[in-house]
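Contents: one structure, followed by commentary.
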Amino acid sequence: GDFSGQLLAYLSLGPIFIIVGFVTLIIFKRELHTISFLGGLAFNEGVNWLIKNVIREPRPCEEAHSTVTTKYGMPSSHSQFMWFFSVYSFLFLYLRMHQTNNARFLDLLWRHVLSICLVTVALLVSYSRVYLLYHTWSQVLYGGLAGSIMAIAWFAFTQEILTPLFPRIAAWPISEFFLIRDTSLIPNILWFEYTVTRAEARNRQRKLGTKLQ
């Protein structure tokens with residue numbers, strides 16, 4: 001009968017939905033920065049596992065959750081995952097996707113709204129781990145701190161080290177075979193895809209109209 005607990009339990013499934021979303025996005029978009037983002041999430045999880053097994057701090061109520069994969073709780077993997085995802089997405093929105101059209105107010109508005117949503121979800125997922133007795137406050141706070149630091153470091157690594165290599169990687173025969181592409185030089189990929197798709201649709205519509213005449 002604990003509605004709040006049930007809602008927070010569903011929210012704590014956020015990392016699973018994010019991973020499924022990433023895999024789906026990679027299958028359909030096949031973009032190198034997205035693949036790098038997923039690689040950063042995987043690396044972040046590896047670091048979390050390593051820290052847990054070094055510190056070996058137990059969970060607050062080990063007997064309450066027999067299904068957890070590890071008895072160690074410092075730092076919280078859910079918290080670290082969600083804050084990595086949120087901070088990296090924040091950096092991507094404001095530093096990678098540049099405004100390219102005249103609707104500057106709307107462009108900034110949706111970025112601010114999305115950023116607030118990302119932080120809110122990260123906070124709720126972190127809180128859910130304490131509410132559901134999976135972690136202590138310190139385990140959640142250190143998880144969030146570790147995830148944020150990892151996100152900043154991975155974003156800098158991607159921008160400074162990997163991004164200059166993306167054009168070369170995209171030209172590899174295996175990349176061409178799997179249609180893997182590099183969009184790092186396009187300031188706003190959403191706006192670019194929208195304008196290109198609209199122009200192509202109009203062009204095909206004109207050609208179709210000419211044939212029908």
Side-chain angles (χ1 to χ4, degrees), residues 1-26 33-96 112 114-162:
D2 185 0
F3 176 76
S4 297
Q6 291 178 351
L7 180 60
L8 290 172
Y10 285 121
L11 277 173
S12 67
L13 297 175
I16 297 176
F17 294 121
I18 289 173
I19 292 296
V20 172
F22 262 105
V23 172
T24 304
L25 192 61
I26 288 172
H33 199 125
T34 306
I35 296 172
S36 173
F37 195 165
L38 181 59
L41 284 169
F43 181 63
N44 179 63
E45 286 296 289
V47 170
N48 177 266
W49 178 88
L50 179 63
I51 296 174
K52 275 185 176 179
N53 284 272
V54 169
I55 298 177
R56 297 189 175 186
E57 181 177 297
R59 296 176 183 271
C61 297
E62 294 183 57
E63 68 282 353
H65 304 288
S66 59
T67 58
V68 292
T69 56
T70 174
K71 61 182 179 180
Y72 305 129
M74 172 64 83
S76 165
S77 58
H78 278 72
S79 180
Q80 186 169 329
F81 182 100
M82 290 305 301
W83 282 102
F84 181 99
F85 176 77
S86 298
V87 172
Y88 192 100
S89 298
F90 178 88
L91 295 172
F92 184 86
L93 285 171
Y94 288 97
L95 300 180
R96 168 66 176 82
H112 295 336
L114 184 55
S115 297
I116 292 172
C117 290
L118 287 167
V119 172
T120 301
V121 171
L123 286 170
L124 287 174
V125 171
S126 300
Y127 174 71
S128 74
R129 308 313 290 169
V130 178
Y131 185 91
L132 298 172
L133 303 179
Y134 281 98
H135 293 284
T136 63
W137 277 113
S138 62
Q139 292 172 353
V140 164
L141 290 173
Y142 280 112
L145 179 62
S148 300
I149 293 174
M150 287 287 297
I152 295 171
W154 190 260
F155 184 84
F157 174 72
T158 300
Q159 289 296 105
E160 300 300 324
I161 306 298
L162 295 182

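Between atom CZ of residue Phe84 and atom CD1 of residue Ile149 there is a gap of 12.5 Å, rounded to the nearest 0.5 Å. Considering NE2 of His78 and CG of Leu13, their distance stands at 7.0 Å, rounded to 0.5 Å. For the atom pair Phe81 CZ and Ser86 OG, the distance stands at 9.5 Å (nearest 0.5 Å). Between Leu38 atom CG and Ile26 atom CD1 the span is 4.5 Å, to the nearest 0.5 Å. The CD atom of Gln159 sits 9.0 Å away from atom CG of Leu91, with the distance rounded to the nearest 0.5 Å. In this structure, CH2 on Trp137 lies 7.0 Å from CG on Leu141, to the nearest 0.5 angstrom.
In this structure Thr136 satisfies the side-chain hydrogen bond (donor to acceptor under 3.5 Å, both in side chains) test together with Ser138, sequence neighbours excluded. Annotation: ring-ring contact (aromatic ring centres under 6.0 Å, His included) contacts of Phe43 (sequence neighbours excluded): Trp154. With sequence neighbours excluded, the residues forming a side-chain hydrogen bond (donor to acceptor under 3.5 Å, both in side chains) with Ser126 are Ser79, Trp83, listed by chain and number. In this view, Tyr142 satisfies the ring-ring contact (aromatic ring centres under 6.0 Å, His included) rule with no residue, not counting sequence neighbours. Evaluation of the side-chain hydrogen bond (donor to acceptor under 3.5 Å, both in side chains) rule for Glu57 yields Gln139 as partners, not counting sequence neighbours. Considering only residues two or more places apart in sequence or on other chains, Asn48 meets the side-chain contact (heavy atoms from CB on, under 4.5 Å) condition with Lys52, Pro75, Ser77, Gln80.
Side-chain atoms of Arg129 do not come within 3.5 Å of backbone N or O of Tyr134 as any donor-acceptor pair.
Between Val130 and Val140, the closest heavy-atom pair is CG2-CG2, 3.6 Å. Between Leu162 and Ser36, the closest heavy-atom pair is CD1-OG, 3.5 Å. In terms of heavy atoms, Leu118 sits closest to Phe90 at CD1-N, 4.5 Å.
Counting heavy-atom neighbours within 6.0 Å of Phe17 CZ, excluding the residue itself, gives a total of 12 or less.
For the 3.5 Å distance criterion, the side chains of Ser12 and Ser128 fail to qualify, holding no donor opposite an acceptor.
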>> For Met82 and Ile18: C-alpha separation, side-chain torsions, deciding distance, then whether side chain to side chain contact (heavy atoms under 4.5 Å, CB included) applies.
In response: CA-CA 9 Å; Met82 290 305 301; Ile18 289 173; 3.7 Å; yes

> Checking side chain to side chain contact (heavy atoms under 4.5 Å, CB included) for the pair Tyr131/Leu7: CA distance, chi angles, key distance, verdict?
Replying inline: CA-CA 11 Å; Tyr131 185 91; Leu7 180 60; over 6 Å; no

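Of the candidates Phe157, Phe22, Phe155, Tyr88 forms a ring-ring contact (aromatic ring centres under 6.0 Å, His included) with just one, namely Phe155.
Aromatic rings from His112 and Tyr94 are positioned such that their centres are separated by under 6.0 Å.
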